[in-house]
Asks: 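Have a look at this one before I ask anything.
Sequence positions, counted from 1, serve as the residue numbers for this chain. In what follows, every heavy atom counts, from backbone to side chain, and hydrogens, waters and symmetry copies are set aside. Every number for a ligand or one of its atoms is a count from 1 in the order of the listing.
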Amino acid sequence: MSLQTQSKTYLNYINGEWTASSANAVEASLNPADKHEIVGYIQNSSKEDLDRAVAAAKEAQPAWRKLSGPARGDYLYKMANALEKHMDEIAETMTREMGKTFPEAKGETARGVAILRYYAGEGMRKVGDVIPSSDSEAFMFTTRVPLGVVGVITPWNFPVAIPIWKMAPALVYGNTVVLKPATETGVTAAKIIECFHEAGLPAGVVNLVTGRGSVIGQGLIDHPGINGITFTGSNTVGKQVGLGAIARGAKYQLEMGGKNPVIVAEDADIELAVEATISGGLRSTGQKCTCTSRVFVQSAVYDEFKEKLLSKVKALKIGNGLDAQTWMGPCASESQYNTVVHYINKGIEEGATLLCGGNKPEGEGLDNGFYIQPAVFEHVKPSMTIAQEEIFGPVLALIKVETMEEALELANDVKFGLSASIFTRNIGNMLSFINEIEAGLVRINAESAGVELQAPFGGMKESSSHSREQGQAAIEFFTSIKTVFVKA
Ligand SMILES: NC(=O)C1=CN([C@@H]2O[C@H](COP(=O)(O)OP(=O)(O)OC[C@H]3O[C@@H](n4cnc5c(N)ncnc54)[C@H](O)[C@@H]3O)[C@@H](O)[C@H]2O)C=CC1
Ligand SMILES: O=C(O)CCC(=O)C(=O)O
């Protein structure tokens with residue numbers, strides 16, 4: 001296989017230098033659209049590599065912190081410009097590494113640029129308040145200080161946006177960073193860091209260590225030199241991060257799964273609801289924590305909604321994300337494909353009716369990829385596995401309801417609470433939904449996926465650690481407040 005020998009090997013980035021792992025071991029990152037294509041090799045790093053990265057971040061932190069906020073912001077502007085310059089290359093790498101379509105990958109990279117510019121501006125905003133003291137001779141105020149060294153553990157589904165929405169606020173508020181990206185998207189992560197290097201970021205301020213979750217991820221959780229850990233990924237690993245951080249008094253922040261509902265009321269714009277269900281549920285092959293997975297439809301419009309949905313879902317073009325005709329790419333990895341197939345079989349076993357999809361599509365160029373036809377189920381009971389667990393794939397469960405009260409009760413009947421949508425023209429329905437739905441992101445006549453970078457992002461219940469990322473909310477995690485009382 002000639003591609004194997006031509007594939008580039010990507011190194012760790014420690015203290016401003018590209019270095020191979022001391023373990024002398026690499027891992028291949030595969031193209032899910034063609035499992036025979038190796039996108040690149042990344043370092044399968046050791047604990048020793050991690051120790052060196054943490055030491056470099058620790059050493060760089062005092063000087064970084066002593067820069068003014070606007071000076072740190074200037075670096076972020078330069079990082080944004082470098083990322084923008086390499087936008088097409090990075091987006092193409094993302095598509096080849098995890099399968100999402102090139103326009104989606106490009107949109108995500110542009111979002112990374114915008115996030116860096118947003119947080120660059122944050123370097124000029126206030127970090128405290130003056131509070132009146134009961135002592136009229138005293139001056140009382142708050143200020144904020146960085147945590148120190150922050151460990152960033154990220155998944156493969158948004159390989160540019162998620163690392164950047166964690167690193168950008170960490171940096172602008174004066175922290176230094178050790179990034180451990182998902183192995184599946186280690187090449188994309190290395191390319192982001194190449195941009196930061198090109199932007200002239202001082203040595204040690206950002207470090208990249210690729211490797212196994214059980215070694216490098218767990219190593220970050222346990223490392224005494226890591227003051228805070230920010231994580232996005234599965235609930236199982238997220239809970240381990242939280243427990244490990246608590247055990248040694250480190251700060252932590254978790255963004256995990258979703259089981260996001262859409263409610264379609266009988267007065268809804270059905271065309272809009274269908275389009276948004278498809279876009280929210282199936283784009284990125286259903287691999288977003290904000291993806292629509294349960295669709296509650298009022299009985300009066302159920303048949304109309306179902307027919308329109310099915311005819312559009314069946315027409316979606318599946319293929320390689322680099323092909324301009326493709327609407328939906330493959331699952332990001334073989335293991336993700338197997339998970340989706342497992343859930344589809346579980347749905348059938350438990351008695352739901354598979355209306356379409358769920359099989360491996362046939363056609364030119366599809367044989368070697370982890371492709372799956374988007375699946376739509378009906379007769380889904382709220383207690384079924386496919387109505388309760390996060391699938392992270394292109395699977396929609398239709399559930400017929402009589403009333404809005406029933407829809408709300410069932411929508412809330414899961415352990416997750418990330419995002420939720422309603423389609424209705426009735427202001428009463430909208431207000432009940434805003435008040436009653438248990439979700440951190442509440443969307444009216446808009447799809448469940450998609451977040452704006454300047455607004456708080458996070459979930460209720462088991463979807464997050466009850467913290468919020470992005471926008472100005474990020475300052476809460478990446479800094480500590482000092483309350484200062486001054487008496488002359
Ligand atoms: N909320 C979200 O955005 C995401 C949710 N998921 C969910 O998780 C499922 C499994 O996906 P995975 O990639 O396996 O997620 P994961 O939670 O295993 O991986 C996320 C990150 O955590 C790291 N990690 C793994 N084990 C670790 C450990 N013991 N200690 C510290 N870090 C560790 C991984 O290397 C990766 O960087 C998906 O099917 C989906 O349901 C996955 C990715 C993103
Ligand atoms: O919906 C989005 O754009 C963000 C989703 C997300 O954060 C995730 O899937 O981890």
Asks: Among all protein heavy atoms in this structure, tell me which lies nearest to atom 7 (O) of ligand 2, with the distance rounded to 0.1 Å.
Replies: Trp165 CH2, 3.1 Å

Asks: Do Leu116 and Met167 make a side-chain contact, defined as non-hydrogen atoms from C-beta onward lying under 4.5 Å apart?
Replies: no

Asks: Only heavy atoms count here, so choose which of Ala449, Cys289, Cys291 is nearest to atom 10 (O) of ligand 2.
Replies: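 Comparing heavy atoms across Ala449, Cys289, Cys291, the nearest one to atom 10 (O) of ligand 2 lies in Cys289.
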
Asks: List the closest protein heavy-atom neighbour of atom 1 (O) of ligand 2: residue, atom name, distance to the nearest 0.1 Å.
Replies: Thr290 OG1, 2.5 Å

Asks: Against ligand 2, does Glu447 come closer than 4.0 Å with any heavy atom?
Replies: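 Contact check Glu447 vs ligand 2: negative.
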
Asks: Determine whether Val340 and Phe392 satisfy the following criterion, side chain to side chain contact (heavy atoms under 4.5 Å, CB included), listing intermediate values before the conclusion.
Replies: CA-CA 7 Å; Val340 176; Phe392 230 59; over 6 Å; no

Asks: Taking ring-ring contact (aromatic ring centres under 6.0 Å, His included) as the test, write out the residues that go with Phe477, two or more places apart.
Replies: none

Asks: Would a 4.5 Å heavy-atom cut-off, applied to side chains only, mark Arg294 and Lys259 as touching?
Replies: yes

Asks: Counting both backbone and side chain atoms, is some N or O of Lys288 under 3.5 Å from an N or O of ligand 2?
Replies: no

Asks: What atoms of ligand 2 come within less than 4.0 Å of a heavy atom belonging to Gly450?
Replies: 1 (O), 2 (C), 3 (O)

Asks: Just to be sure I understand the cut-off, which residues have at least one non-hydrogen atom under 4.0 angstrom from an atom of ligand 1?
Replies: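 Contacts of ligand 1 under 4.0 Å: Ile153, Thr154, Pro155, Trp156, Asn157, Lys180, Pro181, Ala182, Gly213, Gly217, Gln218, Ile221, Phe231, Thr232, Gly233, Ser234, Val237, Gln240, Met256, Cys289, Gln336, Glu390, Phe392.
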
Asks: Is Lys312 salt-bridged to Glu275, cutoff N-O under 4.0 Å?
Replies: yes

Asks: If you measure every N or O of Phe457 against every N or O of ligand 2, does any of those distances drop under 3.5 Å?
Replies: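 Among all N and O atoms of Phe457, none is under 3.5 Å from an N or O of ligand 2.
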
Asks: According to salt bridge (Lys or Arg N to Asp or Glu O under 4.0 Å), who are the partners of Lys191, at least two apart in sequence or on a separate chain?
Replies: Glu89

Asks: For ligand 2, which atoms sit closer than 4.0 Å to a heavy atom of Ile162?
Replies: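 Counting atoms of ligand 2 from 1, those under 4.0 Å from Ile162 are 10 (O).
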
Asks: Report yes if some N/O of Asn157 lies less than 3.5 Å from some N/O of ligand 2; otherwise report no.
Replies: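 Between Asn157 and ligand 2, an N or O pair is found under 3.5 Å apart.
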
Asks: Indicate, as side chain, backbone, both or neither, the part of Gln470 found under 4.0 angstrom from ligand 2 when only non-hydrogen atoms are considered.
Replies: neither

Asks: Can we say Lys100 and Glu108 salt-bridge, meaning some charged N sits less than 4.0 Å from an Asp/Glu carboxylate O?
Replies: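 Counted as a salt bridge, because a side-chain N and a carboxylate O are separated by less than 4.0 Å.
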
Asks: Tell me, please, which residues at least two apart from Asn368 pass side-chain hydrogen bond (donor to acceptor under 3.5 Å, both in side chains).
Replies: none

Asks: So that I can tick it off, tell me whether Arg283 and Glu447 are bridged by a salt bridge, with the cut-off set at under 4.0 angstrom between side-chain N and carboxylate O.
Replies: no

Asks: In terms of side-chain heavy atoms, does Glu27 have a donor or acceptor partner in Asn44 at a distance below 3.5 Å?
Replies: yes

Asks: Could you give me the CA-CA distance, side-chain angles and deciding distance for Trp18 and Tyr10, then say whether ring-ring contact (aromatic ring centres under 6.0 Å, His included) is met?
Replies: CA-CA 8 Å; Trp18 294 99; Tyr10 292 82; 8.2 Å; no

Asks: Name the closest protein heavy atom to atom 4 (C) of ligand 2, giving the residue it belongs to and the distance to 0.1 Å.
Replies: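 Protein heavy atom at minimum distance: Arg111 NH2, 3.7 Å.
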
